[in-house]
There are 2 protein chains.
Amino acid sequence: MNSLARIDWIAKVPGLDRLDGEARALIATRTPLVQVPKGGHAFAAGTECSSYLVVVTGCVRVQLIAENGREIVLYRVRSGESCVLTTSCLMTRAPYGAEAIAEDDVVAAALPGETFRALLASSATFRDFVLAAYADRVADLILTMEDAVFHRIDRRLARLLLARSMAAVTATHQELAAELGSAREVVSRQLKSFEKQGLVVLSRGRIDIVDRARLVRLADEAD
Amino acid sequence: MNSLARIDWIAKVPGLDRLDGEARALIATRTPLVQVPKGGHAFAAGTECSSYLVVVTGCVRVQLIAENGREIVLYRVRSGESCVLTTSCLMTRAPYGAEAIAEDDVVAAALPGETFRALLASSATFRDFVLAAYADRVADLILTMEDAVFHRIDRRLARLLLARSMAAVTATHQELAAELGSAREVVSRQLKSFEKQGLVVLSRGRIDIVDRARLVRLADEAD
DNA sequence: GGCCGTTTGTGACAAGGTCACCGACGCTGC
DNA sequence: GCAGCGTCGGTGACCTTGTCACAAACGGCC
């Protein structure tokens, strides 16, 4: 971590690189970098939740989990993005069933509360950064909501496959279902149907897309 | 409006009343109060969207609308709350299908962009206000999402009826369906079933709750 | 009363979620 | 090789929810 802190990581983080010099200096001196190993919970019980987290490298997946085990992915937090959920979580004390899970080994900057407040007071560029982060998250949430509540599962699955692949997707049906907030059986059936239509070829843990054009047409159909 | 502006409305708005004197003075002098009549769109096309809106009196309903006409209510904005969606909308330019509709005659304070930025720079209490507003909205969104994606319609409807009523709810089945993001027929069927179980009595535009205790039990059942 | 728009009821069907259970695959250790 | 085991995928039955088409009931208003 020390070796990481010594190089100017701030310049390499999209968003943070646009901060003014003073803010960057403050962050560089006052902000510990924390690491979360792949699969680890980024802000589950126990983590000190009193800081404003900005992802430096890696990707964090934020998802809802129901009591019966069903899941849905709300959004992902990547380099230069901030998990505003953490902050909201602190401020409102509402314990919703959301989890943040590291999809790779993640390095994040953890701005302590006082540093966060000091930066907000002193730096216009930092304020813009924070507000933009919130705006993006809210937009993500609403898009996810719209998709989950209004759209058919076949379109959503088609879009997910397209978004995830060059030619093939490496994922279990269970993982795809959790992404969409659906059930494994539903995804399995839908994929079988795609296979019958000649859109994909299925094998264990892997979906090969053989007719991308038609899959795109399916994904784009109005509804 | 002038007569409204002359009295110290700020003191009466929850949240804003905790701002420091300087911030209150700035808001009082620089912020026009705008009115939206009942049923009007609070930030649809045409409204100057470049300001930060805080509701003074009345209630604004924010909802998603699908192409096929289905709707779902995301959250409501009441006195002292801010529709951060507006701000997000500005910043990200993502045109999602969200609408804000006045449920009563609404009066809102429209902080112009420069005033908003000036207050953020000068007032710690204002910053807290804005961040808290965001946090609340995000929490609302996530709770709504959890409910819509994971929970059964009978529980959700029961809870909605309970939340809306002392003894009776005045609403059409269509309105209840739009609140929940479901379809009118589904709500009608469900209400009929409630009636058969002796929980409610139905009449046109009105649902009378006759066995509140059992309705509560239904709403609280795990699932 | 008759007309008209709104609200509610209903049956048939499609889509999606749940449950139970099985079989197929891939790995590990022998 | 192969036996055992855990994960992954397939399937049928059934239930809930959403969609469609239409009809009946209600409440105002001439």
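Numbers restart at 1 for each chain; the letters A, B, ... are given by sequence-line order, proteins then strands.
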Which nucleotide wins on minimum distance to the side chain of [X], given the candidates [options]?
X	options	value
B:V186	C:dT18, D:dT17, C:dG17	D:dT17
B:H173	D:dG18, C:dT18, C:dT8	C:dT8
A:E185	C:dT7, D:dG18, C:dT18	C:dT18

For [X] and [N], what is the distance between atoms [atom1] and [atom2] respectively, to the nearest whole Å?
X	N	atom1	atom2	value
B:R206	D:dC26	CZ	P	16 Å
A:R155	C:dA15	CZ	P	10 Å
A:I207	D:dC8	CD1	C1'	12 Å
A:D154	C:dA14	CG	P	15 Å
B:D147	D:dT17	CG	C1'	15 Å
B:L157	D:dG18	CG	P	12 Å
B:L218	D:dT16	CG	P	13 Å
A:I153	D:dG18	CD1	P	13 Å

[N] base / [X] side chain donor-acceptor hit below 3.5 Å:
X	N	answer
A:Q174	D:dC8	no
B:R189	D:dT17	no
A:R184	D:dG10	yes

>> If you assign B:S203 and A:R204 each to the DNA chain C nucleotide with the nearest heavy atom, which residue ends up on the more 5' nucleotide?
In response: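 Counting from the 5' end, the first nearest nucleotide belongs to B:S203.
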> Have A:R184 and A:T172 got a donor and an acceptor in their side chains that come within less than 3.5 Å?
Replying inline: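 On atom types as modelled, these side chains do not qualify, holding no pair under 3.5 Å.
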>> Please tell me whether A:T144 and A:Y75 have a donor and an acceptor in their side chains that are separated by less than 3.5 angstrom.
In response: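 Per modelled atom types, A:T144 and A:Y75 side chains form no pair under 3.5 Å.
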Looking only at side-chain N and O atoms, does [X] come under 4.0 Å of OP1 or OP2 in [N]?
X	N	result
B:R152	C:dT18	no
A:K192	D:dG10	yes
B:Q190	D:dT17	yes
A:S182	C:dG16	no

> Just one of A:E103, A:E71, A:E179, A:E99 clears the side-chain hydrogen bond (donor to acceptor under 3.5 Å, both in side chains) bar with A:R61, so which one?
Replying inline: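 Only match with A:R61 under side-chain hydrogen bond (donor to acceptor under 3.5 Å, both in side chains): A:E103.
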>> Please find the pair of heavy atoms, one from A:G181 and one from B:V149, that lie closest to each other, and give the distance.
In response: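 That closest heavy-atom pairing would be O-CG1, 4.2 Å.
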> When you check the gap from the basic side-chain N to the acidic O, do A:D147 and A:R159 get nearer than 4.0 Å?
Replying inline: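 Looking at A:D147 and A:R159, the cut-off is met.
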